[in-house]
There are 2 protein chains.
Amino acid sequence: MNKKLECCDSNVIHEEIINQVKDKMPKEEILYDLAELFKVFGDSTRIKILWALDASEMCVCDIAALLNMSQSAISHQLRVLKQAKLVKNRKEGKVVYYSLDDDHVRQIFDQGLAHIYEGW
Amino acid sequence: MNKKLECCDSNVIHEEIINQVKDKMPKEEILYDLAELFKVFGDSTRIKILWALDASEMCVCDIAALLNMSQSAISHQLRVLKQAKLVKNRKEGKVVYYSLDDDHVRQIFDQGLAHIYEGW
DNA sequence: TGAACATATGAACAGTTATTCATATATAGA
DNA sequence: TCTATATATGAATAACTGTTCATATGTTCA
């Protein structure tokens, strides 16, 4: 019950494949960043915001009204989206307008939708 | 301080835009499913598993060895990936081999990477 | 300057999630 | 049948996350 610290109790089964795959894997850091990016997409509030901004530039209050959520909640999420460099903003007096800051968002959404609709 | 239940304290600023965007938004349910899908991508362990399986079919023990993680942790995550219809498996004796079950994974990854690398 | 308002932000809380641990299931071989 | 082994799974825990609430910041206008 304490024979190997490696993986499961047994030895590796297919050592060649493991080494082969290991060579093809991107650097740990890249994969981490990729997961962090998708984590940002993994919330329906943020998905809605991105979708809305893909249709039109909007101010915080408008987004809150559109999604029927508090101004604070939206503001917090916009900060997350901005840190991920997915949205940008411009200020006009008191009002802050947000818009998409990425060309890939739409394509990522489309691929995601393609998966969801697949086989139905 | 209690004038409107809507969004923030004020009235909606750009009502036309809101209605216009509202019409363009996909159904609530679709956006929820989309977020659920990306949530699955939003974990570096699962990202690594998917990347590995994109390179080669592998059994549970091999994946655990490759990622230097416990068999149990990998098995739990494979279940999540299978529920999301991102991987499939086949049994050969005691050994269960997992492989990708989706054509979009690679493209979603590529778009994600494109975003990460953008502007550097 | 002061009131009104749009937005941002910190703390707190509830809900979620990834891993570990122990154990169950299933299969192969003796 | 008994043992070894590959995988699955339920419970528990620690860490993380989204929203709310209260409040701060910054801008306009009177």
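To find a chain, count down the sequence lines: A is the first, B the second, and so on, and within it residues start at 1.
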Using atom types as modelled and distance alone, determine if a side-chain donor or acceptor of [X] lies under 3.5 Å from a backbone N or O of [Y].
{"X": "Asn19(A)", "Y": "Glu15(A)", "answer": "yes"}
{"X": "Arg46(A)", "Y": "Lys39(A)", "answer": "yes"}
{"X": "His115(B)", "Y": "Ala84(A)", "answer": "yes"}

[N] [atom2] sits how many Å from [X] [atom1], rounded?
{"X": "Asp62(A)", "N": "dC5(C)", "atom1": "CG", "atom2": "P", "answer": "16 Å"}
{"X": "Asn68(B)", "N": "dT20(C)", "atom1": "CG", "atom2": "P", "answer": "10 Å"}
{"X": "Ile13(B)", "N": "dT27(D)", "atom1": "CD1", "atom2": "P", "answer": "16 Å"}
{"X": "Glu36(A)", "N": "dT17(C)", "atom1": "CD", "atom2": "C1'", "answer": "14 Å"}
{"X": "Met69(A)", "N": "dA6(C)", "atom1": "CE", "atom2": "P", "answer": "19 Å"}
{"X": "Lys82(A)", "N": "dT9(C)", "atom1": "NZ", "atom2": "P", "answer": "9 Å"}
{"X": "Ile74(B)", "N": "dC21(C)", "atom1": "CD1", "atom2": "C1'", "answer": "16 Å"}

Check: [Y] and [X] side chains under 4.5 Å, non-hydrogen atoms:
{"X": "Gln107(B)", "Y": "Gln107(A)", "answer": "no"}
{"X": "Ser56(B)", "Y": "Ile17(A)", "answer": "yes"}
{"X": "Glu29(B)", "Y": "Asp33(B)", "answer": "yes"}
{"X": "Leu53(B)", "Y": "Ser99(B)", "answer": "no"}
{"X": "Phe41(B)", "Y": "Ile108(B)", "answer": "yes"}

Worksheet item: Where is the tightest heavy-atom contact between Ile74(B) and Met69(B), given as atom of each residue plus distance?
Response: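 Closest heavy-atom pair between Ile74(B) and Met69(B): CD1-CB, 4.1 Å.
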
Polar atoms only, N or O, under 3.5 Å: list the protein pairs with nucleotides 10-16 of chain D and their distances.
unit_1, atom_1, unit_2, atom_2, d
dG10(D), O6, His76(B), NE2, 2.8

Worksheet item: With a cut-off of 6.0 Å (strictly less than), are more than 12 heavy atoms of other residues, nucleotides or ligands near CD of Glu28(A)?
Response: no

Item to complete: Classify the side chain of Gln71(A) and the base of dA6(C) as holding, or not holding, a donor-acceptor pair under 3.5 Å.
Response: no

Worksheet item: Can you tell me if the side-chain N/O atoms of Gln77(B) get under 4.0 Å from OP1 or OP2 in dT19(C)?
Response: yes

Worksheet item: Under 4.0 Å: is that the gap between some side-chain N or O of Ser70(B) and OP1 or OP2 of dT20(C)?
Response: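 Affirmative; the distance criterion is met.
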
Fill in: Residue whose closest nucleotide on DNA chain D lies nearer the 5' end, Lys91(A) versus Ala73(A)
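Of the two residues, Ala73(A) wins.
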
Worksheet entry | Proximity to DNA chain C (any heavy atom under 4.0 Å), residues of residues 41-50 of chain A only |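 Output list: empty, so none.
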
Item to complete: Tell me which residues in residues 93-102 of chain A put a heavy atom below 4.0 Å from DNA chain C, sorted by number, or none.
Response: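 Of all residues in residues 93-102 of chain A, the ones placing a heavy atom under 4.0 Å from DNA chain C are Lys94(A), Val95(A), Val96(A), Tyr98(A).
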
Worksheet item: Using the benzene-type ring in the case of Trp, are the ring centres of Tyr97(A) and His14(B) under 6.0 Å apart?
Response: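 Judged by ring-centre distance (under 6.0 Å), Tyr97(A) and His14(B) do meet the cut-off.
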
